[in-house]
Every structure is written in structure tokens, then in C-alpha cells.
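A quick write-up on the structure given underneath.
Nothing fancy with the numbering, it's 1 onward along the sequence. Since this is a predicted model, take the numbers as computed values, not measurements.
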Amino acid sequence: MSFYVTTPIYYVNAAPHLGHAYTTIAADVMARHHRQRGEQVFFLTGTDEHGEPVADAAHALGIEPQALADRNAERFRALAPQLHASNDFFIRTTDPQHEAVVQEVLARVRENGYVYEGTYEGWYCPRCADFKAENEIDAGNRCPIHHIELTREREENYFFKLSAFQSQLEELYAQREDFVAPRTRYNEALSFIRSGLRDVPLTRHKLTWGVQVPWDPEHVFYVWFDALLNYYSALTYAPGADVSMWPASYHLIGKDILRFHAVYWPALLMAAQLELPQHVFVHGFLLLDGEKMSKSLGNVLDPFAVIERYGADALRFYLLRDVPFGQDGSVSTAAFELRYESELANELGNLASRTLAMVHRYRDGVPAAVALDGELDGDFGGLAREVAWLIDGAELTGALEVIWQRVRRLNRYVEERAPWQLAKDDARAQELDRVLSTLVVGLRVVSVLLHPYLPEATDRLLGALGVEDRSLACAAWSSTQALGARLGELEPLFPKSS
Ligand code: ME8
């Protein structure tokens with residue numbers, strides 16, 4: 001089994017912000033979960049360095065696009081490990097190997113008869129690097145995302161014959177209802193297709209910052225075709241990768257780039273005779289004051305600052321817990337602090353420290369290898385399977401919720417059984433053993449399942465439980481790992497801020 005997950009490649013026109021961190025974190029949770037299943041995983045992220053968004057930003061700063069790309073690509077590259085993202089490769093579209101694949105694949109698309117010369121005339125947003133139809137623009141000819149005035153473009157281009165794929169795309173959507181999720185996005189993409197596809201520019205004549213068109217060096221490829229091909233090109237040269245891993249299992253994207261991934265990308269792959277990805281999952285926007293958080297709007301939260309104060313795990317948890325994955329959601333420092341205190345520190349942190357403290361106090365640190373309390377069988381028995389099933393559907397918030405219900409169940413169990421009362425009565429020693437061991441195993445199960453979300457905290461917690469295995473098998477309720485051996489010590493997992 002292999003699992004190949006991607007994030008969008010981010011524009012290097014500015015520094016990374018929380019929106020970029022969000023998709024990278026989500027992809028990382030999926031990658032880590034699939035590694036726990038023993039699958040061969042490839043997780044790709046990187047930067048999109050060509051086109052107007054980058055050329056214009058460099059021009060405004062009075063530097064060359066390559067210099068801006070080099071500077072900001074490093075910031076994106078540095079963000080991944082700070083988020084605890086376990087990407088296997090970081091692609092830059094200025095990598096010469098990528099550029100060569102773009103030229104090769106798009107030349108094949110032309111040989112296959114899907115490219116012709118024409119004139120484009122219409123609206124264009126240089127921040128989106130997108131050609132906009134009349135019905136897609138706001139009053140005053142403004143971009144609905146960036147609110148800037150659109151430019152009227154007239155250019156001699158080579159066109160990609162998108163319209164040739166009208167019926168094949170309709171068939172794709174009819175046959176594979178899970179090609180795009182959630183359903184609202186599937187419907188949106190399908191209605192765009194049904195409204196009638198028009199051919200789109202494949203090259204730009206006015207720009208020089210891009211991958212040169214091999215059959216006409218006066219042109220560069222339109223940045224979106226160059227960018228989309230990263231998902232394929234990376235496999236041809238990333239260490240440890242191999243084109244046999246194509247097609248991707250999941251492309252994770254924000255809803256701003258739905259059309260490119262759900263319409264242009266499958267059409268381009270068909271034109272190049274390459275297989276289509278299995279799933280495109282579209283998440284919503286993180287909103288700040290009701291607006292999309294975006295570097296061009298300037299309303300961004302700095303992920304580096306949040307990580308410095310609370311750690312990457314807390315950020316990962318907050319974003320996937322507070323904003324249902326697939327929908328828009330507001331983020332704020334107040335909501336972050338509430339989740340941190342009430343859930344991470346009080347619910348998980350206290351459960352872990354109480355359980356370990358009681359095993360140390362009453363059993364000299366060794367939870368007995370005894371049968372567990374059957375009362376929790378129903379809650380924990382099929383949990384790992386349920387989580388795997390939800391993550392298969394990219395339901396990352398849903399999976400976190402079912403795990404968290406068990407964290408709460410264990411906290412209730414402590415209160416119901418009151419081990420501190422049992423400890424006062426020697427005649428109830430067996431009962432105390434059962435309760436403590438049930439808690440330790442419950443903690444092990446939730447820790448293994450939370451590992452993709454909270455890799456650092458669960459490493460510490462599983463370390464204190466003496467468990468080295470991080471595989472999904474270790475989340476089985478029937479496994480006896482962590483019983484019968486001495487537990488270690490644990491510093492508070494989520495210290496409260498002073
Ligand atoms: O579009 N909320 O790059 P980009 C949630 N280079 N996610 C957000 C977000 C927000 N407020 N802001 C950004 C591009 N994102 C192209 C992609 S792919 C072949 C080329 C995330 O730097 C989200 O994943 O504008 C969104 O789709 C992506 O960053 C856009 O990043």
C-alpha cells in the first residue's frame with residue numbers, strides 16, 4: 001500500500017502565515033496516520049515561485065524575482081519542521097528538474113493536439129494569477145478575493161483546449177463522486193463544468209519570469225500549469241520517491257484554488273495521458289474578523305509567534321479542533337487559549353499526570369498485567385478502526401472528536417471509580433489494579449491515536465508509559481503494551497501560561 005499526500009505549493013510573494021500552516025498541518029496528520037498503518041507514505045509540500053504574484057512583489061521591493069523566491073522559499077521550508085510537519089520533500093518550481101518535466105509534459109499535451117495559438121482578451125487578477133469571467137468579478141471590475149481592480153488583458157497566447165474535456169470531466173464526476181470532497185465543493189466544481197468549459201491560456205507572452213515554452217522561447221508557461229505539475233514532477237527526482245507512486249491519494253487545498261485542481265488539473269492529466277489523483281479535499285478559510293486571512297489583505301496571524309509561546313502541538317490541535325475541516329472558521333487568540341487550557345491542559349494533561357501519579361503512589365510505578373474493566377470495551381474496542389475510517393475520508397476534525405470523547409470518558413472513569421478511595425481498602429486491591437491498568441491502557445490508546453495530531457506531546461507521554469511502538473496496532477484495546485513494567489516520570493504536557 002502507498003499513500004501520497006500533497007499541499008498546495010505556496011507563493012513566495014510574502015512570508016508564510018497561518019493559512020499555509022493549516023494545510024501543511026492537515027496533510028501531516030494524514031501522512032503520519034498512514035505511516036502508523038505501515039503504508040509507504042510520500043508527503044509533499046513546497047513553493048510556487050513563478051508568475052506575476054512573485055514577479056510583481058519582487059518588482060515592488062526593487063529586487064529580482066529569484067532573490068525574493070530564494071528568501072521566502074527558505075521561510076516556507078523552515079516553517080514545516082517548526083510545525084512538526086514530516087514532509088518527505090520540499091519542491092521549488094525553480095528546481096531545474098521540475099522545469100524540465102513541465103516542458104516535457106506540456107510539449108506532449110501539444111503533440112496530442114490540445115494546444116493552439118490564439119488571442120486572449122478579458123479580465124485578469126495578478127494576485128490570483130487568474131483569468132476571470134464576467135460572472136466571477138465584483139462591482140467595479142474588482143477581484144472578489146483580493147478586492148483590487150482587475151486588469152484588462154489582451155495577449156497573443158497558446159491556449160489549452162480545456163473545452164475538449166467537457167464530456168470526459170462530466171463522466172469523471174458522475175463515476176467518481178468522491179473525486180472532490182466535501183460535497184459542496186464537488187457540486188461547485190461540477191456546476192462550473194456544466195456551465196460550459198472555455199479554453200484557457202497555457203502560456204504568457206508578456207511575462208519572462210516562468211518556465212520557457214520549448215517550442216516558442218518568447219513565451220513562458222502560465223504559472224498555474226507549471227505549478228500543478230509539481231505534484232507529478234516531484235516524484236521524478238525527490239529522493240525516496242518514484243513515479244510509480246503516481247497518482248496522488250489526496251491533494252489537500254483551500255477553496256480558493258478549487259477550479260484549478262478540480263477542473264484544469266484532471267483535464268491536463270487527461271491531455272498528457274496521465275492517471276488522475278484519487279481525491280481532492282477542499283478545506284475552508286481561516287477567517288480573522290470575518291475576512292479570509294491573507295497576506296495580500298494584511299490580516300494574518302503569525303504561526304511562528306504562536307509556536308514560540310505554546311508549541312506546535314497546541315497549534316495543530318487548535319486548528320483541527322476549532323475549525324471543522326472542510327468548512328470556514330474564525331480563529332482568535334481567545335479561542336486558542338480556551339482550547340489550550342480547557343482541553344489540552346485540563347483534560348488530556350491532567351488525565352496523564354493523575355494516572356501516572358496514582359500508579360506511582362499506589363503501585364510503585366507498575367500497572368499490573370490484569371484484565372481490563374469491561375465497562376470501557378464499548379468505548380475503546382473499535383476505536384482505532386473508526387479513526388482510520390474517518391481519516392480515510394479526510395474527516396480530520398471528526399476523527400479528533402471521537403478520540404477526544406474517549407479522553408473525556410477516561411476522565412469520567414477516574415471520577416466514577418475514585419481510585420483514591422479504593423486505595424484506602426486493602427480488600428479492594430484487585431479492583432484498584434483493574435482501574436489503574438484500564439486507565440493506563442486507555443491513555444496508551446488515545447496517545448497512539450492522537451500521535452498524528454500531537455506528535456511531540458504523545459511521544460513524551462508514550463515514553464513515560466514505556467511504549468516505543470507508534471503503530472496503529474498499538475492503539476488496539478486488546479494490546480497489553482504498557483502493563484507490567486515500571487512507568488517513567490512525566491513533566492506537565494501542556495503547562496499553563498503564567
Ligand atoms: O494559491 N485559510 O498559493 P498561496 C485557509 N501557489 N487556508 C489558507 C488561507 C486561509 N486564510 N490562506 C492560504 C497558491 N491558505 C498557489 C497554489 S498549487 C499547485 C498552487 C492555504 O500561497 C490554502 O491551502 O496563495 C490555500 O489554498 C493556499 O494556502 C494558497 O496559497
Side-chain angles (χ1 to χ4, degrees), residues 32-33 35-38 347-388 402-493:
R32 286 177 182 270
H33 169 82
R35 286 193 201 104
Q36 288 187 304
R37 286 155 75 160
E347 293 181 343
L348 180 61
N350 278 353
L351 173 70
S353 54
R354 281 170 111 178
T355 301
L356 280 147
M358 289 190 291
V359 176
H360 281 294
R361 188 172 320 130
Y362 306 133
R363 289 295 179 262
D364 203 19
V366 183
V370 294
L372 305 185
D373 193 334
E375 189 170 319
L376 296 192
D377 286 357
D379 289 298
F380 284 84
L383 182 59
R385 216 170 321 118
E386 187 181 356
V387 167
V402 301
I403 306 167
W404 213 258
Q405 283 166 8
R406 281 25 176 231
V407 172
R408 292 186 170 151
R409 180 70 191 94
L410 291 171
N411 276 313
R412 282 205 309 283
Y413 183 73
V414 178
E415 295 304 322
E416 286 160 14
R417 297 301 151 113
W420 48 90
Q421 296 292 351
L422 300 176
K424 290 182 187 156
D425 185 350
D426 285 346
R428 304 182 78 181
Q430 280 188 354
E431 210 180 315
L432 178 59
D433 273 331
R434 186 165 62 242
V435 170
L436 293 178
S437 296
T438 299
L439 283 170
V440 166
V441 171
L443 205 50
R444 188 202 72 219
V445 171
V446 295
S447 302
V448 171
L449 294 174
L450 285 171
H451 186 59
Y453 295 87
L454 302 170
E456 192 179 30
T458 53
D459 262 343
R460 286 173 53 210
L461 178 47
L462 287 164
L465 296 178
V467 175
E468 277 177 17
D469 187 2
R470 301 285 178 273
S471 79
L472 213 58
C474 189
W477 186 231
S478 55
S479 153
T480 57
Q481 289 196 61
L483 298 183
R486 187 173 308 279
L487 304 185
E489 302 290 333
L490 183 68
E491 293 292 312
L493 285 177

Verify the neighbour count for atom CD of Glu431: are there more than 12 heavy atoms of other residues, nucleotides or ligands below 6.0 Å? yes
Should the heavy atoms of other residues, nucleotides or ligands under 6.0 Å from CD of Glu491 be counted, would the total exceed 12? no
So which atom in [X] and which in [Y] form the shortest heavy-atom distance, rounded to 0.1 Å?
X	Y	value
Ser447	Thr458	O-CG2, 3.3 Å
Leu493	Ala457	CD2-O, 3.5 Å
Ala475	Val445	O-CG1, 3.4 Å
Ser479	Val441	O-CG1, 4.3 Å
Gly488	His360	O-NE2, 2.9 Å
Pro455	Arg32	CB-NH1, 3.5 Å

Determine which pairs satisfy salt bridge (charged side-chain N to carboxylate O under 4.0 Å, His left out) with at least one residue from [range], sequence neighbours left out, and list them in order.
range	result
residues 349-360	Arg354-Glu415
residues 448-461	Asp459-Arg470
residues 359-368	Arg363-Asp433, Asp364-Arg486
residues 475-485	none

Name each donor-acceptor pair under 3.5 Å that joins a side chain in residues 402-409 to protein atoms two or more places apart or in another chain, with its distance.
unit_1, atom_1, unit_2, atom_2, d
Trp404, NE1, Glu347, OE1, 2.7
Gln405, NE2, Glu401, OE2, 3.2
Arg406, NE, Asp379, O, 2.7
Arg406, NH1, Val402, O, 2.9
Arg406, NH2, Asp379, O, 3.1
Arg408, NE, Glu347, OE1, 3.1
Arg408, NE, Glu347, OE2, 3.2
Arg408, NH2, Glu343, OE2, 2.8
Arg408, NH2, Glu347, OE1, 3.4
Arg409, NE, Asp379, OD2, 3.2
Arg409, NH2, Glu375, OE2, 3.2

Which residues pass the side chain to side chain contact (heavy atoms under 4.5 Å, CB included) test with [X], sequence neighbours left out?
X	answer
Thr438	Leu372, Asp373, Leu376, Tyr413, Arg434, Trp477
Ala369	Leu483
Asp425	Ala427, Arg428

For Thr480, give me all partners under side chain to side chain donor-acceptor pair (under 3.5 Å), at least two apart in sequence or on another chain. none
Partners of Tyr362 by ring pair (Phe, Tyr, Trp, His ring centres under 6.0 Å), sequence neighbours excluded? none
So, taking the atom named OG1 in Thr355 and the one named CG in Leu487, what distance separates them when rounded to the nearest 0.5 Å? 10.0 Å
Could you grab the distance from atom NZ of Lys424 to atom CD of Gln421, nearest 0.5 Å is fine? 4.0 Å
Pairs meeting criterion ring-ring contact (aromatic ring centres under 6.0 Å, His included) with involvement of residues 432-452, two or more places apart: none
Would a 4.5 Å heavy-atom cut-off, applied to side chains only, mark Met358 and Leu439 as touching? yes
Is the closest side-chain heavy-atom distance between Leu461 and Leu454 below 4.5 Å? no
Keeping the roles fixed (side chain from Arg444, backbone from Cys474), state whether a donor-acceptor pair exists under 3.5 Å. yes
Do the side chain of Ser437 and the main chain of Ala368 share a donor and acceptor less than 3.5 angstrom apart? yes
